[in-house]
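First listed ligand is number 1; within each ligand, the first listed atom is number 1. Keep in mind that this is a model prediction, so the values were computed, not measured.
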Amino acid sequence: MRLIFLGPPGSGKGTQAQELKRRYNIVQLSTGEMLREAIRSGDDLGKEVKDIMEAGSLVSDEIIVRMIEDRIEKPDCDHGFILDGVPRTVAQAEALDSMLASKNSAVDHVIALKVDMEVLIRRIGGRFSCEDCGAGYHDEFKPPEKEGVCDICGGTNFSRRSDDNPETVRARLEAYEAQTAPLLPYYREKGLLSTINAMAGIDEVTASIEKILSEA
Ligand code: AMP
């Protein structure tokens with residue numbers, strides 16, 4: 001199964017991808033996470049993208065397409081994947097389509113997560129993740145069962161994203177509207193798009209996604 005999650009920052013793409021990858025035994029590919037990892041490691045890519053990400057702008061299509069092409073080649077993607085945060089522009093979507101076509105493959109479903117702006121800001125404001133395994137949490141909506149301890153790996157180190165501050169969030173939402181929202185008609189025309197109301201709780205949204213996948 002090859003899935004794409006589309007939606008603005010805070011709409012739950014990462015959270016839902018983490019749920020589904022366990023259920024379907026497929027890989028979650030988050031370009032944002034790959035780029036943050038490059039910044040943490042201090043490599044050339046990390047140095048190149050750090051300021052762009054801090055400003056809430058999009059990294060160039062060229063970098064993203066190269067990164068995703070390399071990643072999709074790896075054998076763990078043979079079984080399927082969920083793209084979380086990519087494609088973000090029509091150029092990335094076209095590059096992804098031709099890359100998959102060259103392997104006699106294609107995207108199966110695109111799921112758009114719809115959430116009101118007010119809720120997006122509340123969701124982004126409270127989120128944090130486990131530094132050891134990457135599991136995502138939220139102060140209000142998804143605290144760890146035991147305070148200060150990761151439910152998944154037992155780790156005790158957590159961090160918050162530096163681009164989750166109000167000013168950068170505004171820029172990221174603007175980038176979404178200008179550059180990523182045009183992907184909705186792109187995938188609708190291909191008959192691949194399902195839109196779900198992602199205002200509900202995490203489990204309810206997961207159930208809506210599973211329903212779509214089971215009916216497809
Ligand atoms: P995310 O974790 O998906 O919210 O992404 C965080 C940041 O990484 C974005 O604000 C962009 O600066 C960059 N980024 C992640 N994925 C992409 C992409 N597909 N295209 C361009 N920039 C991206």
So which heavy atom in the protein is nearest [atom], and how far is it from that ligand atom?
atom                    : answer
atom 23 (C) of ligand 1 : I64 CD1, 4.0 Å
atom 2 (O) of ligand 1  : R36 NH1, 2.9 Å
atom 5 (O) of ligand 1  : R88 NH2, 3.2 Å
atom 20 (N) of ligand 1 : Q92 NE2, 2.9 Å
atom 13 (C) of ligand 1 : L35 CD1, 3.6 Å
atom 4 (O) of ligand 1  : R161 NH2, 3.0 Å
atom 7 (C) of ligand 1  : M53 CE, 3.7 Å
atom 16 (N) of ligand 1 : T31 OG1, 2.8 Å

Are the charged groups of [X] and [Y] less than 4.0 angstrom apart, N to O?
X    : Y    : answer
R40  : E37  : yes
D163 : R161 : yes
E174 : R170 : no
E140 : R123 : no

With a cut-off of under 6.0 Å to the ring centre and 45° to the axis, is K142 in cation-pi contact with Y137?
-> yes

Nearest heavy-atom contact between D116 and M199 is N-SD, 3.2 Å

Looking at [atom1] of [X] and [atom2] of [Y], how far apart are the two atoms once the value is rounded to the nearest 0.5 Å?
X   : Y   : atom1 : atom2 : value
Q28 : L83 : CD    : CG    : 10.0 Å
M1  : Y24 : CE    : OH    : 5.0 Å
M53 : L35 : CE    : CG    : 5.0 Å

May I ask you to check if ligand 1 and P87 share an N or O to N or O distance below 3.5 Å?
-> no

Under 3.5 Å between some N or O of ligand 1 and some N or O of L58?
-> no

Atoms of ligand 1 close to G85 [distance to a heavy atom under 4.0 angstrom, numbered from 1] = 16 (N), 17 (C), 18 (C), 19 (N)

Under 4.0 Å to a heavy atom of V86 - the qualifying atoms of ligand 1, by number = 19 (N)

Out of curiosity, is [X] lining ligand 1, as in a heavy atom under 4.0 Å away?
X    : result
D163 : yes
K13  : no
S57  : yes

Any side-chain donor-acceptor pair under 3.5 Å between T168 and E54?
-> no

